[in-house]
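Data block below; observations after.
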Amino acid sequence: MLEILAQTGFNALYAASYISLVAVGLVLIFGVMGVVNFAHGELFMAGAYAVVALYADLHMPFLVAVGIGLAFVGLLGLLMERALFRPLRDNPLGGLVASIGFLMILQSLAVMGFGVRMEHIPPVTQDVIAFSEKVRLPVARLYVIIAAVVLLSALWFFLKRTRFGWALRASAQDPEAAALQGISINQTARIAMFIGAGLAGVAGALTAPLVSVNPFMGHSVIITAFIVIIVGGVGSLEGAIIASVAYAFIHTVVTTFWDGVLADIVGLMLMLIVLIVRPTGLMGSADRA
Amino acid sequence: MLLELRDIAVNYGQVSALRRLSMSVPDGAIVTIIGGNGAGKTTTLRAMSGLAKLAAGEILFEGERIDTLPADRIVARGIAHVPEGRRIFPDMTVEENLRTGAFLRRDKAGVESDLDKVYHRFPRLKERRTQRAQTMSGGEQQMLAIGRALMARPKLLLMDEPSMGLAPVIVEEIARIIEEINADGVPVVLVEQNAGLALDLASHAYVLETGNLALEGPAHELHDNEHVRAAYLGV
């Protein structure tokens with residue numbers, strides 16, 4: 001029993017790592033810009049295909065491919081901000097619909113470029129840390145965990161300690177009051193989109209050798225997205241980060257012990273409970289809900 | 001003139017909120033805008049700070065047009081706005097709120113000395129500097145909103161209903177603070193429903209009624225004006 005718990009703990013830690021990277025980016029975008037980015041799963045997918053192209057096909061070093069993937073998807077985020085969300089800023093539903101369109105464009109591009117087959121990516125490392133017969137942690141997974149911890153810590157430091165991090169938090173809490181402090185909404189929107197998209201891209205890139213990469217792999221992200229945004233609430237970026245990490249962990253534990261469908265149900269139930277008990281979300285403030 | 005509004009009009013959709021308003025704020029003065037609910041007082045301030053776009057007219061600050069600039073560029077010119085309802089950042093600490101007010105400033109030493117000044121002026125903010133802003137009382141939040149605006153080291157301070165919802169003793173304290181800030185050389189545009197307070201503080205006053213300028217003049221004259229006394233001072 002103890003061994004199963006330990007193994008589940010590792011599995012949960014791994015899955016929570018990349019899901020939180022995706023979810024945190026999503027809540028960052030929602031918090032600062034007020035739009036639900038439906039294409040977020042496809043940004044994750046784009047990061048994975050960056051690794052397919054650069055690492056599997058062109059044989060670049062894995063970390064270089066991941067780095068380029070982060071930058072490439074971050075730039076996709078900047079493109080979305082400029083072309084879709086900025087013109088539609090006063091129309092949150094418009095931003096949502098435009099992001100659904102962008103989702104389809106990215107999916108089609110992936111199909112056109114790579115076909116609908118599952119991609120086979122050579123493993124980065126086959127090493128396994130064996131704690132016992134039944135408790136084993138593949139090193140490739142450990143890398144994902146380390147990367148997530150480093151990136152999320154860096155994001156936390158950025159939000160808490162830097163001038164632009166404060167600007168992002170202020171914009172998320174009250175965009176108009178933030179503008180009255182001299183904070184440019186266009187600038188915070190760009191920063192949020194670059195970081196949010198980049199984190200989704202890096203999550204896709206890091207996990208590409210461990211999952212089945214295909215043009216439709218972003219689908220499962222959407223439900224997660226909704227739950228995390230609602231549970232995390234509006235306004236507090238730090239709260240949203242905590243909520244997304246917690247959700248990712250719970251979801252993975254349920255998936256490991258039972259199955260993924262039940263995990264989705266549990267996730268949605270948790271969301272309903274939060275909505276009943278705290279309609280503004282765990283960390284949200286009432287004046288923006 | 002430090003600030004000049006020339007025939008400005010503001011619409012919200014089809015609704016006209018402000019029609020052909022002209023006013024001017026001389027350097028060093030406290031100018032007040034009084035009027036009832038929906039008279040256009042808040043809209044006038046929002047036009048000055050760039051939150052409301054003009055349908056007609058122009059706004060000049062230090063002789064240059066600012067009505068075409070976005071709000072964050074107007075702050076850079078030196079206009080700070082304490083908005084209606086205080087609008088502090090609820091999940092940030094008191095000190096983070098204050099430092100956010102200095103977002104555009106690069107003179108670190110100046111920011112630190114201004115922070116000291118704000119803490120000196122509002123000792124309660126210093127006591128609560130690491131506390132989340134939303135946990136404070138209304139009066140403390142108002143002081144935080146004022147302190148945050150001062151952190152921009154503004155050339156002109158816009159204040160929207162600083163007395164709203166506060167106990168009379170706190171209102172008196174806010175009034176004293178406004179006088180102090182002005183005595184330190186910062187001109188103030190004060191929007192108030194509490195017309196008695198506003199006319200006591202200001203040297204010049206504008207009276208708005210349903211989006212139109214009804215009266216203007218030296219504050220002490222308006223204080224004795226029969227219409228103002230009947231409509232706004234309740235005597």
Side-chain angles (χ1 to χ4, degrees), chain A residues 27-28 30-32 86-87 89-91 156-192 232-243 278 280-289, chain B residues 13 42 45-46 48-53 69-93 95-106 108 111 130 132-135 141 144-154 157-160:
Chain A
V27 289
L28 192 67
F30 182 73
V32 174
R86 196 185 302 184
R89 180 171 296 152
D90 299 325
N91 180 351
W156 190 267
F157 179 84
F158 170 74
L159 288 175
K160 284 288 198 184
R161 289 276 179 271
T162 71
R163 188 167 161 264
F164 282 107
W166 287 15
L168 245 60
R169 286 165 61 206
S171 302
Q173 288 171 41
D174 190 333
E176 201 170 86
L180 288 180
Q181 314 313 316
I183 294 166
S184 155
I185 311 234
N186 285 339
Q187 195 170 36
T188 51
R190 275 195 300 270
I191 297 172
V234 187
S236 166
L237 296 181
E238 308 96 298
I241 293 178
I242 294 167
R278 284 213 51 166
T280 56
L282 284 182
M283 313 281 174
S285 44
D287 32 311
R288 277 206 68 197
Chain B
T42 293
L45 279 202
R46 289 173 65 86
M48 291 175 182
S49 60
L51 293 177
K53 287 297 153 205
L69 300 174
D72 57 281
R73 299 316 308 157
I74 291 178
V75 184
R77 295 290 182 94
I79 300 182
H81 182 165
V82 182
E84 185 180 13
R86 329 192 211 293
R87 306 283 288 271
I88 48 145
F89 302 114
D91 283 319
M92 295 171 88
T93 66
E95 184 151 330
E96 286 174 340
N97 265 277
L98 291 174
R99 288 184 182 277
T100 304
F103 177 73
L104 292 174
R105 292 177 58 183
R106 289 309 174 87
K108 277 196 174 173
V111 170
T130 58
R132 285 205 324 171
Q134 67 179 2
T135 62
Q141 291 191 12
L144 178 58
I146 296 171
R148 182 179 65 180
L150 291 176
M151 287 302 291
R153 205 178 266 190
L157 185 61
L158 313 179
M159 301 179 90
D160 198 346

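Proteins get letters first, then strands, A, B, ... in listed order; numbering begins at 1 in each. Worth knowing before you read on, the calculation uses all heavy atoms, side chains too, and leaves out hydrogens, waters and symmetry mates.
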Tell me the closest heavy-atom pair linking [X] and [Y], and the distance in Å.
{"X": "A:A179", "Y": "B:V75", "value": "O-CG2, 3.6 Å"}
{"X": "A:G182", "Y": "B:L104", "value": "O-CD2, 3.4 Å"}
{"X": "B:E96", "Y": "A:K160", "value": "OE2-O, 4.3 Å"}
{"X": "B:D72", "Y": "A:I183", "value": "CB-O, 3.5 Å"}

Tell me, side chain or backbone of [X] under 4.5 Å from chain A's heavy atoms, or both, or neither?
{"X": "B:R46", "answer": "side chain"}
{"X": "B:R73", "answer": "neither"}
{"X": "B:L51", "answer": "side chain"}

Open item on the list: Just verifying a value: how many Å separate B:L98 CG and A:Q181 CD, rounded to the nearest 0.5 Å?
Closed with: 10.0 Å
Open item on the list: Please report the interatomic distance CD(A:E176) to NE2(B:H81), rounded to the nearest 0.5 Å.
Closed with: 8.5 Å
- [ ] With a 4.5 Å cut-off on heavy-atom pairs, point out which of B:M92, B:R99, B:M151 contacts chain A the most.
- [x] B:M92
- [ ] May I have all residue pairs that pass ring pair (Phe, Tyr, Trp, His ring centres under 6.0 Å) and include part of residues 163-186 of chain A, sequence neighbours excluded?
- [x] A:F164-B:F103
